[in-house]
Amino acid sequence: MGGFFGTVTKAECVTDLFYGTDYNSHLGTKRAGMATYAEGEGFMRKIHNLESSYFRTKFEDELPGFKGKAGIGVISDTDPQPIMINSHLGKFAIVTVAKINNTDELVKELLANNMHFSEMSMGKTNQTELIALLIVQGKDFVSGIENVFNKIKGSCSMLILTEDGIIVARDKWGRTPIIIGKKEGAYAATSESSSLPNLDYEVDRYVGPGEIIRMRADGLEQLRKPNDKMQICSFLWVYYGFPVSCYEGRNVEEVRFLSGYKMGQTDQSEVDCTCGIPDSGVGMALGYAEGKGIPYHRAIAKYTPTWPRSFTPSNQSMRSLVAKMKLIPNRAMLQGKRLLFCDDSIVRGTQLRDNVKILYDYGAKEVHMRIACPPLIYGCPFIGFTSSKSDMELITRRIIKEIEGDENAKLDKYATTDSPEYKELVERIRARFGLTSLRFNSLEILVESIGLPKCKLCTHCFDGSSCF
């Protein structure tokens, strides 16, 4: 994935920029960058690799070198950013949260039009530079950004730092969020509203799908009205959103709690307590405990936030190591207990496999699992929230292939809650990991918990529904 933060202030912006960008660190683990603009001194940019350290440790010593009243920062799981461009639109820096599925096609088209690429990442085109080159084909920033919307297959939200403020543009379908915050003498735009409170910003507005706004310290100027239709990613609330963040006015932790509460009210399990798999399973488990009327216990704890998310690394051995090392079971709270664990999702099964074995080894009598969302049946073509290169990395697809001989067979039936195919899929997953019982939340409960109409949510990974 990735997240960004930008701010325009009447005073120096560097402190807000540094901490605001850092508050997006849970969204990416590979690279980070910041750029500022100071009148009379121009643009300043730094980019660092995060795979061996953290944003703060990489940038803290360099802060005195940044000056200005406007700046943008990004935490990225893709290419080095920001990109600096000098064009007929003027000089600008750009950061993106994007997934482009037709990169090769677009690169070929631009090269045929005598354009060139200078920012290569491991021999591949830097997608943020690609987006920048699509923008400069326009007569102005609005038409250039619309060119991006029309040309790419996937999604793209962006911040563009210019000599006249920051241009904020959300993906045309609104698959990723942008929230604008306001305080006296300053505005900020960010992927996570959790970036705002400790910097004294109040949420001013949620940028609409396809909306383009110019942000200056003294106000906002709408350059393009939002589109009527929206397909914001429902997985925001399930997994990668920070608990105190809000998207479209719906708080992440509240949604997780409510989905757990609804499941707890109807679940027939007989257990001694419920536990959350840190971090994103905790809110659901607290809701489940209240809905079920049983205690919440912390039988497993996360040692440190320094371990990346277990399905983020592309290497299987590293995913297995991460899944094992970041969570520590508490034998005293496990021994002889019938435990029900809540987790956000099952993607590859990396974390679940190792954790269940450890729980039994530490004396758990029964291990039940409840999942906040439906089974992930389809890979995501819109947002890069995993490093998966193939749908066959999903445990659901591997099991469907075992059953049907074809991983693409009867997907609609396997995605339908309580169909015979669905029940067989869930039972196979349960048996594979030695769980006492396994249950997934239904899509209906997830949508109801989020509180937005289903037509405004992207649920492609669960049911294959799409808007392109």
Side-chain angles (χ1 to χ4, degrees), residues 1-4 6 94 96-102 131 134-135 137-160 166-182 187 189-193 203-215 219-238 240-241 245-252 254-255 378 380-385 443-444 446-468:
M1 252 293 277
F4 52 50
I94 178 173
T96 66
V97 173
K99 181 177 181 180
I100 306 176
N101 299 312
N102 59 332
I131 290 164
L134 291 172
I135 290 171
Q137 290 187 318
K139 68 180 188 299
D140 52 31
F141 279 110
V142 172
S143 62
I145 294 168
E146 288 179 333
N147 187 46
V148 173
F149 291 163
N150 294 331
K151 286 288 185 72
I152 69 165
K153 295 177 181 177
S155 68
C156 179
S157 294
M158 68 189 83
L159 300 178
I160 302 173
I166 294 174
I167 295 173
V168 180
R170 186 178 176 189
D171 169 65
K172 69 175 181 179
W173 285 101
R175 299 191 190 280
T176 52
I178 304 180
I179 303 95
I180 290 181
K182 178 183 179 181
Y187 281 90
T190 180
S191 302
E192 291 278 7
S193 66
V203 172
D204 182 74
R205 62 184 297 176
Y206 300 92
V207 180
E211 188 175 12
I212 304 174
I213 294 172
R214 187 187 302 275
M215 193 168 67
L220 305 175
E221 177 188 3
Q222 187 183 67
L223 303 180
R224 183 185 190 274
K225 292 182 179 180
N227 298 326
D228 293 330
K229 295 181 179 180
M230 180 173 69
Q231 286 279 283
I232 186 170
C233 175
S234 57
F235 213 55
L236 276 164
W237 288 274
V238 172
Y240 56 83
S245 281
C246 295
Y247 318 112
E248 310 304 324
R250 296 293 294 141
N251 174 254
V252 171
E254 183 180 14
V255 169
Y378 302 84
C380 178
F382 308 118
I383 294 176
F385 70 80
L443 184 57
E444 292 75 17
L446 176 60
V447 171
E448 185 181 337
S449 299
I450 292 172
L452 296 176
K454 185 179 184 300
C455 63
K456 292 184 177 293
L457 294 169
C458 181
T459 59
H460 176 87
C461 53
F462 309 125
D463 63 1
S465 64
S466 301
C467 289
F468 294 91

So CD1 of Ile145 and CD1 of Ile167: to nearest 0.5 Å the spacing works out to 5.5 Å
Ring pair (Phe, Tyr, Trp, His ring centres under 6.0 Å) partners of Tyr206, counting only residues at least two apart: none
Would you say that Asn101 contacts Ile152 through its side chain, given a criterion of any heavy-atom pair below 4.5 Å between the two side chains? no
Tell me, please, which residues at least two apart from Lys153 pass salt bridge (charged side-chain N to carboxylate O under 4.0 Å, His left out). none
My understanding is that only residues two or more places apart in sequence, or in another chain, count here; which of them pass side chain to side chain contact (heavy atoms under 4.5 Å, CB included) with Val447? Leu443, Lys454, Leu457
Are side-chain heavy atoms of Lys456 and Ile232 found at a separation under 4.5 Å? no
Charged N to carboxylate O below 4.0 Å: is that the case for Glu211 and Lys172? no
Can you tell me how far CD1 of Ile180 sits from CZ of Arg205, rounded to the nearest 0.5 angstrom? 6.0 Å
Restricting to ring pair (Phe, Tyr, Trp, His ring centres under 6.0 Å), what partner residues turn up for Phe462, sequence neighbours left out? none
Partner set under salt bridge (charged side-chain N to carboxylate O under 4.0 Å, His left out) for Lys151, not counting sequence neighbours: Glu109
Answer yes or no: is there a side-chain heavy-atom contact under 4.5 Å between Tyr187 and Ile213? no
Atom pair CG (Leu223) and OG (Ser143), whose distance is rounded to the nearest 0.5 Å: 11.0 Å
Return the OG to CZ distance between Ser191 and Arg170, rounded to the nearest 0.5 Å. 10.5 Å
Neighbour count >12 (heavy atoms, 6.0 Å) for atom CG, Asp228: no
Decide whether Ser234 and Thr459 meet the rule of one side-chain donor and one side-chain acceptor closer than 3.5 Å. no
Quick one: does any side-chain atom of Arg175 pair with a main-chain N or O of Ser155 as donor and acceptor, under 3.5 Å? no
Quick one: side-chain hydrogen bond (donor to acceptor under 3.5 Å, both in side chains) partners of Glu146, sequence neighbours excluded? Arg224
According to the interplanar angle, ranging from 0 to 90°, do the rings of Tyr378 and His460 count as parallel (below 30°), tilted (30 to 60°) or perpendicular (above 60°)? tilted
Do Thr176 and Cys233 have side chains that get closer than 4.5 Å, going by heavy atoms? no
